[in-house]
Amino acid sequence: MKNHRQENPELDLSIVLPVFNEEDNIEALHEEITVVLNQLKLDAEVIYVDDGSDDGTLSKLKMLQESDARVVVAEFRKNFGQTAAMAAGFDLARGEIVISMDADRQNDPADIPRFIEKIEEGYDLVSGWRFDRQDGLLLRKLPSQMANRLISYTTDVKLNDYGCSLKAFRFDVVKQISLYGEMHRFIPAIASWIGVRIAEIKVNHRARVAGVSKYGISRTFRVILDLITVKFLLSYSSRPLQFFGSIGMFSSVLGTGIAFWMTFQKAFSGIPMSDRPLLLLSILLIFIGLQFITFGLLAELMTRTYHEAQEKPIYNIRHIYRS
Ligand code: UDP
Ligand code: MG
């Protein structure tokens, strides 16, 4: 399998944009980005990842690429989703600083210089906060507010807005995070595992003027499932037996307790065991408990394979000082 991962930074800045059917936004967006890049005077690239668009998006992107040497276009074979498109952009990125943003013009490229300043202050990850978000209230803003509270409560990273795509990273941070499912909103939480300094800054958010949103309300449920995955990976992935084992122990101890109690009653008060539903419950609890413990042991084996197969260490070093 081909690996597209760039190993060393060669430029100052990479801007990564997942693009799916945004033919009416591309040109105006690139215009805005160009204005900002010309002010910044950095060695920059703009990576558009075409996520299997079936409108005129790809041909417009190719035209941009021909007229602007800073543009990189990656064409997906099919629609793999926004997270996959971001991951591809992160792999390809060559800049010391990597900025991700939406390609639908809802994020404002004019905010980019402030992200760069924050990174230069010493942060590893800067996340945008759409404090005045321009989306529908009932279907977008309310569910997203609930999701934000929930994510903030369950993960160690406290942000106001997890869903904002406009984010800035240092090169070594984007190269070290692996994204699956629809995990892009958990990047700060995932990155927190490697120990990053995170800042959040307010950004401008604009209503969509062209094209349609690619998501509906069903995303909320997927976000919650992803949250469970992230929480589990962050808290227990290196010690799964402690998670499954404690459920298993609780269940089998309870089951055994009930069994003893019934045996006691049968022996001393003559109450028969066989016509009591409690007997079934006790057997069920004991079996479920054993299953959980065995499952935890298997998971322990798998985490070892996981770390060793990828030669993925269980620590992360920011810098080594030596002469
Ligand atoms: N996007 C993508 N692949 C998809 C869905 C969306 O690359 O399968 C891109 C889309 O083109 C846009 C960004 O991800 O640049 C955010 O999508 P959208 O604006 O639909 O999400 P919303 O802002 O409504 O949450
Ligand atoms: Mg949008």
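Atoms within a ligand are numbered from 1 in the order they appear, just like the ligands themselves.
- Every atom of ligand 1 with a heavy atom of Q106 under 4.0 Å away is listed here by number and element: 19 (O), 23 (O).
- Shortest contact from atom 3 (N) of ligand 1 to any protein heavy atom: D51 OD2, 2.6 Å.
- Neither side chain, E200 nor S127, offers a donor N or O lying under 3.5 Å from an acceptor on the other.
- Residue N21 does not touch ligand 1, judged by heavy-atom distances below 4.0 Å.
- Under 4.0 Å from ligand 1, heavy atoms of K214 appear from its side chain as well as its backbone.
- Within a 6.0 Å radius of CZ in F292, other residues, nucleotides and ligands contribute 12 heavy atoms or fewer.
- The Mg ion (ligand 2) has D104 OD2, Q106 OE1 as protein N, O or S atoms under 2.8 Å away.
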Legend entry - Step-by-step side-chain contact (heavy atoms from CB on, under 4.5 Å) determination, R70 to T34: CA-CA 10 Å; R70 288 184 290 216; T34 306; 3.7 Å; yes

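- Between E117 and R114, no side-chain nitrogen of the basic residue sits less than 4.0 Å from a carboxylate oxygen of the acidic one, so the salt-bridge criterion is not met.
- Under the 30°/60° scheme for interplanar angles, the aromatic rings of F232 and F244 are found to be tilted.
- By the 4.0 Å N-to-carboxylate-O rule, E66 lies too far from K62 to be salt-bridged with it.
- D135 and K141 are not joined by a salt bridge, as no carboxylate oxygen comes within less than 4.0 angstrom of a charged side-chain nitrogen.
- Atoms of ligand 1 lying under 4.0 Å from at least one heavy atom of R208, given by number and element, are 18 (P), 19 (O), 20 (O).
- Closest protein heavy atom to atom 24 (O) of ligand 1: S213 OG, 2.6 Å.
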